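What follows is a single structure, written as structure tokens, with notes after it.
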Amino acid sequence: MVRIDRPRGTRDFLPDEMGERRSIESVFRGVVERWGYGEVKTPTFENLDLFTIKSGEGISDEIYTFMDKGERQMALRPELTAPVMRLYVESFQVSAKPCKLFYFDNCFRYERPQKGRFREFWQFGVELIGSSQPEADAEVITLAVEMLSSVGVKGELHIGDLSIIRSIIEELSPAQQSRIMRLVDKKDDAGLEYYLGEINAPSALCEKLFSLISLSGRDTLKEALKITGDLPEFDRFRRTLELLDALDVEYTVDLGIARGLDYYTGMVFEIYSNQLGAQNQICGGGSYKLTHLFGGKETPSTGFGIGFDRVMEICKPRRPKTPSLYLASFDDTRTDAMKIAKKLRKHIKVDMDVMNRRFKDQLKHANSVGSDFVLILGKNELESGKIAFKNMESGEQELLTIDEAIERVQ
RNA sequence: GCCUGGGUAGGGUAGCUGGACAUCCUAUGGGACUGUGGAUCCCACGACUCGGGUUCGACCCCCGACCCGGGCCCCA
């Protein structure tokens with residue numbers, strides 16, 4: 001016999017865990033729906049080009065790809081922003097703006113599995129499409145924070161704006177810019193200095209760059225303004241922060257955030273949890289422009305993705321326990337018991353024996369699966385048109401009609 | 001891709017500087033017990049991750065693969 005295991009980096013979810021996941025999911029759904037977002041679903045696989053066109057080098061190596069029978073290069077989606085933007089271009093370009101969408105689906109990346117990192121993982125995210133206003137950025141960030149706090153997760157929010165650092169390195173090639181952003185993101189100052197020397201970057205640029213990334217604290221923006229001179233991006237960023245202040249959202253300004261995907265253009269943010277190991281980022285997002293790459297008009301958008309599995313690691317969902325009922329019967333009442341169970345199940349959760357167990361063993365089983373109540377249907381009960389209702393905790397038992405029994409557990 | 005620790009029934013474990021049938025607990029199914037559960041006892045079930053090598057003989061030693069955990073890189 002050949003034993004077949006789960007593919008590496010994937011998981012099975014058992015009923016208890018699924019219950020917890022569903023309960024968190026429904027809290028998230030409740031929040032985004034109240035904020036006016038509508039759900040979309042995109043295919044599990046797409047044309048590979050959708051992801052390679054602009055997501056950057058990093059993600060290309062970790063995509064699951066395959067050739068279909070028509071010799072097309074396909075890919076299991078590694079993220080959902082690009083697919084949702086593709087969907088937007090196909091279906092929502094002429095709809096009223098802004099277009100507010102959310103999704104909850106699995107993504108795939110070929111990476112080394114670790115705590116909080118899997119090859120199949122779930123993302124819950126939103127995209128607010130069509131607005132370039134700071135109000136849009138502020139709404140999206142606030143929503144992310146709100147979602148996490150709605151399930152009891154405390155995170156540390158870091159916000160940056162790529163256009164500020166970009167403005168001083170824009171004279172360099174895109175590849176050089178990208179490399180620099182990565183070093184900045186890693187906070188690898190030595191590596192950054194070495195690289196800047198290697199490409200012969202002007203010393204004025206280096207000086208500005210290093211003073212920018214060393215900024216922190218409340219006056220970060222004011223100081224940055226002195227270094228870069230006036231930029232239109234500053235106003236938008238400043239207004240975003242003002243709004244967050246007004247909404248009581250706590251944050252840290254961090255101009256060094258770069259993000260792993262290359263399509264972000266302006267505001268970027270990340271939320272970390274200190275309750276995880278190395279994989280401590282539970283949410284990431286920002287503003288970007290992607291639609292023109294998929295044949296649409298250039299459309300400013302802002303969105304984020306929450307690492308659902310990482311949230312599950314942190315929060316301990318408590319599920320409301322519904323009372324469970326077990327219907328016990330005898331050989332001569334089995335048929336009637338099944339009929340009654342079918343009727344009861346229109347209203348409440350009922351379990352019953354399907355192993356042809358003896359009466360005593362049925363009670364034993366009801367006990368071991370933690371039933372709260374047992375309904376007993378024997379010849380006596382059947383003749384009286386009632387059913388015995390036994391409380392498994394107290395051991396007390398009484399004779400009730402079916403309707404009374406339903407009422408008792410609801 | 002790199003570094004590091006680890007894999008014995010469904011879960012938890014003992015054993016191994018090489019020696020006969022691999023220990024115990026728990027879970028599950030059945031019985032003691034054909035209308036009343038939780039206890040007890042009995043029975044059944046069920047494992048050395050896989051493949052090579054060394055050896056008269058490998059769960060144990062060596063090599064490789066696979067998988068899991070932790071870290072790096074990257075990211076959610």
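Order of the sequence lines sets the chain letters (A, B, ...), proteins ahead of strands, with each chain counted from 1. As the structure is a prediction and not an experimental result, all values here were calculated from the model.
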For the C1' atoms, the ones on G12(B) and on C72(B), what distance do you get once it is rounded to whole angstrom?
32 Å

Hey, are Ser287(A) and Thr302(A) close enough side-chain-wise for a donor-acceptor pair under 3.5 Å?
no

Which of parallel (below 30°), tilted (30 to 60°) and perpendicular (above 60°) describes His158(A) and Tyr272(A)?
perpendicular

Residues in residues 136-150 of chain A with a heavy atom under 4.0 Å of RNA chain B, by number, are none

Report, as yes or no, whether the 6.0 Å neighbourhood of atom NZ on Lys339(A) holds more than 12 heavy atoms from other residues, nucleotides or ligands.
no

For Gly370(A), answer base if it contacts any base atom (sugar-phosphate contacts may also be present), sugar-phosphate if it contacts only those atoms, and nothing otherwise; contact means non-hydrogen atoms under 4.0 Å.
nothing

Can you tell me if Arg112(A) touches the phosphate of G1(B), counting only side-chain N or O atoms and a distance under 4.0 Å to OP1 or OP2?
no

Can you work out whether Thr10(A) or Phe121(A) has the more 5'-proximal nearest nucleotide on RNA chain B?
Thr10(A)

Can you tell me the distance, in whole Å, between the CD1 atom of Ile282(A) and the P atom of A76(B)?
13 Å

For Gly116(A) and Arg310(A) the tightest heavy-atom approach is O-NE, 2.7 Å

Find every protein N or O atom lying less than 3.5 Å from an N or O atom of nucleotides 6-8 of chain B, and list the pairs.
none

Rounded to whole Å, please give me the gap between NZ in Lys115(A) and C1' in G71(B).
13 Å

How many whole angstroms separate atom CD1 of Ile306(A) from atom P of A76(B)?
13 Å

Using the C1' atom as the reference point in each nucleotide, state the distance between C25(B) and A9(B) in Å, no decimals.
12 Å

Check whether any side-chain heavy atom of Val84(A) sits under 4.5 Å from a side-chain heavy atom of Val40(A), and report yes or no.
yes

Measure the distance from CD on Gln114(A) to P on U4(B) and round it to the nearest whole Å.
15 Å

What distance, rounded to whole Å, do you find between the two P atoms, one in A47(B) and one in G10(B)?
7 Å

Check: Phe373(A) ring centre within less than 6.0 Å of Phe389(A) ring centre:
yes

Do Glu407(A) and His347(A) touch side chain to side chain, with heavy atoms closer than 4.5 Å?
no

For the side chain of Glu111(A) and the base of A76(B), is some donor closer than 3.5 Å to an acceptor across the two?
yes

Between CZ of Phe28(A) and P of A76(B) the distance, given in whole Å, is 16 Å

Less than 6.0 Å separating the ring centroids of Phe121(A) and Phe308(A)?
no

P spacing across the pair C21(B) / C59(B), given as an integer number of angstrom
11 Å

Rounded off to whole Å, could you give me the CZ-to-C1' distance for the Arg11(A) and A76(B) pair?
11 Å

Which value, in whole Å, describes the distance between the P atoms of nucleotides C45(B) and G53(B)?
33 Å

Does the separation of the ring centres of Trp122(A) and Phe13(A) fall below 6.0 angstrom?
yes

With sugar-phosphate meaning primed atoms plus P, OP1 and OP2, does Cys283(A) contact a base, only sugar-phosphate, or nothing at under 4.0 Å between heavy atoms?
sugar-phosphate

With C1' as the reference atom in both, quote the distance from U49(B) to C67(B) in angstrom, rounded to an integer.
8 Å

Just by protein heavy atoms under 4.0 Å, how would nucleotides 30-43 of chain B read 5' to 3' in B, S and -?
SSSBSBBBB-----

How long is the straight-line distance from CZ of Arg358(A) back to CG of Leu363(A), given to the nearest 0.5 Å?
12.5 Å

Salt bridge (Lys or Arg N to Asp or Glu O under 4.0 Å) evaluation trace for Glu39(A) with Arg29(A):
CA-CA 9 Å; Glu39(A) 183 174 14; Arg29(A) 282 178 183 278; 2.7 Å; yes

Using atom P in both nucleotides, what's the gap between G6(B) and C42(B) to the nearest angstrom?
38 Å

Re C24(B): Watson-Crick or G-U wobble partner, both distances kept under 3.5 Å, found to be G12(B)

Partner lookup for G5(B), please. Criteria are Watson-Crick or G-U wobble with both distances under 3.5 angstrom; report none if nothing qualifies.
C68(B)

Roughly how many Å is it from CZ in Phe118(A) to C1' in G70(B), rounded to a whole number?
13 Å

Pairing partner (Watson-Crick or G-U wobble, both distances under 3.5 angstrom) of G38(B)
none

Select base, sugar-phosphate, or nothing to describe what Phe308(A) touches, counting heavy atoms under 4.0 Å on all strands.
nothing

Find which nucleotide of RNA chain B each of Tyr110(A) and Ile271(A) is nearest to by heavy atoms, and output the residue with the more 5' nucleotide.
Tyr110(A)

Ignoring backbone atoms, test whether Gln281(A) places a side-chain nitrogen or oxygen under 4.0 Å from the OP1 or OP2 oxygen of A76(B).
yes

Check this for me: does the side-chain of Arg117(A) come within 3.5 Å of the base of A76(B) through a donor and an acceptor?
no

Should the ring pair Phe102(A) and Phe124(A) be called parallel, tilted or perpendicular, given that the plane angle runs from 0 to 90° and is split at 30 and 60?
parallel

Identify which one of Glu127(A), Arg86(A), Met85(A) satisfies the side chain to side chain contact (heavy atoms under 4.5 Å, CB included) criterion when paired with Leu290(A).
Met85(A)

Provide the distance between the two C1' atoms, one in G18(B) and one in C2(B), to the nearest whole Å.
35 Å

Quick one: Asp105(A) CG to A76(B) C1', roughly how many Å, whole number?
14 Å

With a cut-off of under 6.0 Å to the ring centre and 45° to the axis, is Arg77(A) in cation-pi contact with Phe45(A)?
no

State whether the distance check finds a donor on one side and an acceptor on the other, under 3.5 Å, for side chain Arg6(A) versus base C68(B).
no

Can you tell me if Arg8(A) touches the phosphate of C67(B), counting only side-chain N or O atoms and a distance under 4.0 Å to OP1 or OP2?
yes

